[in-house]
Amino acid sequence: MVVIPAIDVKDGRCVRLRQGDMAAETVYSADVPLMARRWEEAGAGIIHLVDLNGAVEGEPKNFPQIEAVRQAVRIEIQVGGGIRNLSTVRRYLEAGVSRIVLGTAALTDRKFLDEACRAFPRRILLGLDARNGQVAVKGWTSVSETTAIDLLKDLSEFSLGAVIYTDIARDGMLEGPNLPALKEIVASSPFPVIASGGISRIDDLRAVRSLGPQVVGAIVGKALFDGKLDYMAAVAALGEEPAASG
């Protein structure tokens, strides 16, 4: 299971939000590429980038910062937030982004999702963000009536690379992941699963990995930036134990 540092970009700066609230931000740096290099130097093989403004407004708003990250590091980056059409997907991929995360579009524009998956199989990831089991969209500003489990069933035939499951109530709260919900997602998902939200300790990472080999990654944000979780120590701790067999 890979530990993936997250960088959320808002107004050109590296920030973290509490439960997705755009007004409840903590600014960590005005130099987004510098933060990316920090995680590369710590040994990360991939970075998760989110354009928060783009997620809310429906189109990329921090492309220059994300492009600067691509130029600053050699490792893979995956990007989400405000990607609602194929031209935007192509723009990011042509800029050197490895994988694209689609959230709102997966629920509201199934034709676009299908086109993206067909054009770039396994390079499209499903950003499955949920509050109380229901899918949230538009930068978490709106909650749909669709459940996370139902959406996974609907998308079972798509050529998605993985599903990133985020429990909004846990995001940025450092209270640990919602393991029962994550376990249900793993049991229902036809795709590899990446866990996100609330992970703040090495024990949290171990608990997530114990859900089985289908969990291929864990995204960590606030705990890394606040120093509550040391990236190298986390990777070392996971590397000392055999992976769960399921």
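Sequence positions, counted from 1, serve as the residue numbers for this chain.
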Exercise. Between D204 and S200, do the side chains contain an N or O donor and an N or O acceptor separated by less than 3.5 Å?
Worked result: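 Judged by distance alone, the side chains do pair up.
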Exercise. Will you find, in the side chains of D31 and S29, an N or O donor that is under 3.5 Å from an N or O acceptor?
Worked result: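 No, no side-chain donor-acceptor contact under 3.5 Å.
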Problem set entry | Side-chain donor or acceptor of Y231 paired with backbone N/O of V3 under 3.5 Å |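 Checking the backbone N and O of V3 against the side chain of Y231, a donor-acceptor pair under 3.5 Å is found.
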Exercise. Okay, side chain of R122, backbone of L160: is any donor-acceptor separation there less than 3.5 Å?
Worked result: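 Present.
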Please say yes or no: joined through hydrophobic side-chain contacts below 4.5 Å, possibly via intermediate residues, are [X] and [Y] part of one cluster?
X    : Y    : answer
I149 : L151 : yes
I4   : I66  : no
I164 : L93  : no

Exercise. Should we count CG of D11 as having more than 12 external heavy atoms under 6.0 Å?
Worked result: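 Yes, CG of D11 has more than 12 neighbouring heavy atoms, counting only those of other groups under 6.0 Å.
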Check [X] against [Y] and note the closest heavy-atom contact, atom names and distance.
X    : Y    : result
V186 : Q214 : O-OE1, 3.1 Å
V15  : E25  : CG1-OE1, 4.3 Å
I83  : A105 : O-CB, 4.1 Å

Problem set entry | Summary of ring-ring contact (aromatic ring centres under 6.0 Å, His included) pairs that have at least one residue in residues 59-116, sequence neighbours excluded |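 Sorted pair list: F63-Y92.
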For this session: Compare all side-chain heavy atoms of W39 with those of L224 and state whether any distance is below 4.5 angstrom.
Result: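 They are in contact (side-chain heavy atoms under 4.5 Å apart), so the answer is yes.
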Exercise. Should the pair K61-D51 be classified as a salt bridge under the 4.0 Å nitrogen-to-oxygen rule?
Worked result: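 Between D51 and K61 there is no salt bridge, as every charged N stays at least 4.0 Å from the carboxylate O atoms.
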